There are 2 protein chains.
Amino acid sequence: MAMPQVRDVAERAGVSPATVSNALNHPQRVSERTLARVHAAIEELGYVRNDAARQLRAGFNPAVGLIVLDAANPYFTDLAGGAEQHLMELGRPLLLGNSSQVSDREITYLNLFEQQRVAGILIAPVGNVLPRLRKLKSNGIPVVIIDRKAGADELSSVSVDDERGGWLVADHLISQGASRMAVIGGPEGLRQVRNRLRGAQQRARQSPGVAVEYIATGAMDAAAGRAAAEELLGRSVKEQPDAVFATNDLVALGVLQVLARSGVSVPDQVLLAGYDDIEFAANAIIPITSIRQPSAEMGQHAAQLLQRAIEDPASPVQHTVFQPELIIRESTQAC
Amino acid sequence: MAMPQVRDVAERAGVSPATVSNALNHPQRVSERTLARVHAAIEELGYVRNDAARQLRAGFNPAVGLIVLDAANPYFTDLAGGAEQHLMELGRPLLLGNSSQVSDREITYLNLFEQQRVAGILIAPVGNVLPRLRKLKSNGIPVVIIDRKAGADELSSVSVDDERGGWLVADHLISQGASRMAVIGGPEGLRQVRNRLRGAQQRARQSPGVAVEYIATGAMDAAAGRAAAEELLGRSVKEQPDAVFATNDLVALGVLQVLARSGVSVPDQVLLAGYDDIEFAANAIIPITSIRQPSAEMGQHAAQLLQRAIEDPASPVQHTVFQPELIIRESTQAC
DNA sequence: AGACCGATGTAAATCGATTCAATTTGTGAC
DNA sequence: GTCACAAATTGAATCGATTTACATCGGTCT
């Protein structure tokens, strides 16, 4: 028994297919009585409309695509949650893609979304996809960039002032006595990492005698943090930093795992700070100092911007920059 | 400038639309030379195929839908990761839906997936959706249930022996001296919770004098754990448990937050165990005893089962039950 | 009574890619 | 040069829902 179609529903309800379509999409055009009959027929037959056909004829897909850097990172799940909630209220399904910081996967998802003719795209970019995104926009698919200010570009964005965040962390670490600071994160090309690093370097320059070293990692998860920490432990004592600034909390947790296991005391021997202020940072073995970003709020705001751009393609480009907030915890306070 | 279509590509390459389609979908049917010409034309025009039209005509959608209980729970992100990886290799996009343990949202996603005519569905169910899932299957959309053995049912499943998991935790807690055990989790209807609770109760019955109390929560996140812990702290000392078994790690972390903040010592005053063994459980302020489940492996296996069912709709129903493993940490060991 | 109206309902065209049956082109043997 | 046969290509039909332009009908106004 193949799936029933509008034709079948129409027949059963004693009306034409066009009326069934109207009942579904423009109920006000149909009388109460036939509306009821149509719905009854739909119920009885278990009719489910074919989205592909609908989309093809209607000419658009209400769904929105979101591409995140790491679906396992609470920062992004919160962000996605904020966006999803807002979009749901607008009746827009959210398609979630996880690039895992791999440029190829990012492109795969962009292709997928473009083929689906989604109504819009939210993306935290990895690779150099700006040209691609511009073309999407000129093809009528609005794009909002997350976590990266698109400069004077013609694409809207929602971001946090990462440079300031880096500055805040460095400032705090230095005030706690740090003089050799290691910044851990990567990949190197990732704008967030670059900006946080730059902010830290700027602050360091104001305090003579403070050195900043950058250690690149392939990803931004706990495993990367563990690897980097192992490397640090392998060094001679003189070359070891007295403060570690991990460019996100997962990395910081990884670093902490290794240090704790090796008997290195945080914060007595090494100060440690993270970024993102995910819930787990506050509840780690040693609660970790971090930078709070309003992730859910950002997701929601990004969804709003996108919705505006979808409704009015001529609406102006808008860049929203949220301010980061330093949250001080045990990992940077000798007690 | 509207988006180019096969027609435009065909014209540019000097062939018919049918040939363009063949070049894209059955390259072996087309000569090398025209294949190259078609691809060149596609490139030059920036053609992107319209998935809706393709799906409508081809009659199927290669994508697979996955509905999880909580996208913010690392257990599910790992599981989703395992499934995604396997499906990607098969060329099947994964559509991720997050029911947030809300029955309505679960239904919303099922509707969405059915309208999209996905090739198959993976689902960790919240509500009573079995009848619905059966209908889906009889409509030709195979379903694999995750985290819940579908019994002698006609739906395949991948699960962990939750009863045994509960038993293991209770056994360990009792061996550490627990006599008043509180099991925290919910919602009450959730099979995983019921089974873990039942396993714990069974073990308790074998030890006279051990009482088990169940505290239901609305969700299974850290906030729910905090709320439950507050409630416990509000009680008179006599009514307070000496061991808490949180039915997942997020809840356990929430409980731990409140206890630690209130100066209640874990494990000296209260033993605490979780479930799922997410990475953060091992690195909490007090590392938490938990039950390890092979989440990524389960996701991958579920994807395999689904793929089999898609390829051969007549393939037999299969239930895979993974075995849980107890991981003992500080939260249950006085030192 | 006739003209006109709004409210309902419908037949037929349409969205864009794929497929099927049929045709054209190419290859090699004789 | 012709024939048989395989390879390459194509025109037209098709997927299922929506839309457009038009028909129908009961009622209202003059």
Side-chain angles (χ1 to χ4, degrees), chain A residues 1-39 41-42 45-62 111-112 114-119 139-141, chain B residues 1-39 41-42 45-62 111-112 114-119 139-141:
Chain A
M1 172 200 71
M3 284 207 180
Q5 318 185 357
V6 264
R7 187 173 42 247
D8 304 313
V9 175
E11 207 169 307
R12 174 121 193 173
V15 297
S16 80
T19 300
V20 174
S21 175
N22 279 329
L24 251 35
N25 304 296
H26 309 278
Q28 76 285 7
R29 290 191 196 158
V30 165
S31 76
E32 290 278 330
R33 244 184 38 142
T34 50
L35 194 65
R37 279 229 306 268
V38 169
H39 277 121
I42 287 179
L45 296 177
Y47 167 75
V48 177
R49 102 159 132 241
N50 184 324
D51 229 24
R54 168 191 166 74
Q55 243 177 71
L56 175 58
R57 179 63 242 236
F60 74 94
N61 180 349
N111 290 340
L112 187 66
E114 195 175 3
Q115 289 180 188
Q116 309 234 67
R117 302 288 193 272
V118 293
N139 271 254
I141 301 187
Chain B
M1 172 201 69
M3 283 207 180
Q5 317 187 355
V6 265
R7 189 176 34 248
D8 305 313
V9 175
E11 208 169 307
R12 174 121 194 172
V15 297
S16 79
T19 300
V20 173
S21 174
N22 279 329
L24 251 37
N25 303 296
H26 309 277
Q28 76 285 6
R29 289 192 197 158
V30 167
S31 75
E32 290 278 329
R33 243 182 38 137
T34 50
L35 195 66
R37 280 229 306 270
V38 169
H39 277 120
I42 288 178
L45 296 176
Y47 167 75
V48 178
R49 97 156 138 251
N50 183 324
D51 228 25
R54 169 191 165 73
Q55 242 176 74
L56 175 58
R57 179 63 242 232
F60 73 95
N61 181 349
N111 290 340
L112 187 65
E114 194 175 4
Q115 288 180 188
Q116 310 234 64
R117 302 288 194 271
V118 294
N139 270 251
I141 301 186

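By convention in this document, chain letters (A, B, ...) are assigned in the order of the sequence lines, proteins followed by strands, and residues within each chain are numbered from 1. Since the structure is predicted, the reported quantities are computational estimates derived from the model, not experimental observations.
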Could you state the atom-to-atom distance from [atom1] of [X] to [atom2] of [N] in whole Å?
{"X": "A:D8", "N": "D:dG16", "atom1": "CG", "atom2": "P", "result": "10 Å"}
{"X": "B:Q115", "N": "D:dA17", "atom1": "CD", "atom2": "C1'", "result": "12 Å"}
{"X": "A:R49", "N": "D:dT18", "atom1": "CZ", "atom2": "C1'", "result": "10 Å"}
{"X": "B:F60", "N": "C:dT18", "atom1": "CZ", "atom2": "C1'", "result": "11 Å"}
{"X": "A:R7", "N": "D:dA17", "atom1": "CZ", "atom2": "P", "result": "8 Å"}
{"X": "A:L56", "N": "D:dT19", "atom1": "CG", "atom2": "C1'", "result": "13 Å"}
{"X": "B:R57", "N": "C:dG16", "atom1": "CZ", "atom2": "P", "result": "16 Å"}
{"X": "B:R33", "N": "D:dT9", "atom1": "CZ", "atom2": "C1'", "result": "13 Å"}

Provide the closest heavy-atom pair for [X] versus [Y] in the form atom of the first, atom of the second, distance.
{"X": "B:L56", "Y": "A:A53", "result": "CD1-CB, 3.8 Å"}
{"X": "B:S16", "Y": "B:A10", "result": "C-CB, 3.6 Å"}
{"X": "A:L35", "Y": "A:V30", "result": "N-CG1, 3.7 Å"}
{"X": "A:G14", "Y": "A:R37", "result": "O-NH2, 4.1 Å"}
{"X": "A:A119", "Y": "A:P62", "result": "CB-O, 3.9 Å"}
{"X": "B:Q116", "Y": "B:N61", "result": "O-ND2, 3.1 Å"}

Legend entry - 5'-most by nearest nucleotide on DNA chain C - B:R29 or B:A52: B:A52
Legend entry - Most 5' of B:S31 and A:H26 on DNA chain D, judged by nearest nucleotide: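 Whichever sits nearer the 5' end wins; that is B:S31.
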Legend entry - Side-chain N or O of A:T34 closer than 4.0 Å to phosphate OP1/OP2 of C:dT8: no
Legend entry - A:N25: partners by side chain to side chain donor-acceptor pair (under 3.5 Å), with sequence neighbours left out: A:S21, A:R54
Inset, instruction - Assign A:Y47 to base, sugar-phosphate, or nothing according to its heavy-atom contacts below 4.0 angstrom with the strands shown. - result: sugar-phosphate
Inset, instruction - Give me the residues of residues 12-25 of chain B where at least one heavy atom lies under 4.0 Å from an atom of DNA chain C, by number, or none. - result: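 Nucleic-acid contacts, sorted: B:A18, B:S21, B:N25.
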Inset, instruction - Mark yes or no for a side-chain to base donor-acceptor pair under 3.5 Å between A:R54 and D:dT18, with no hydrogen or angle criteria applied. - result: no
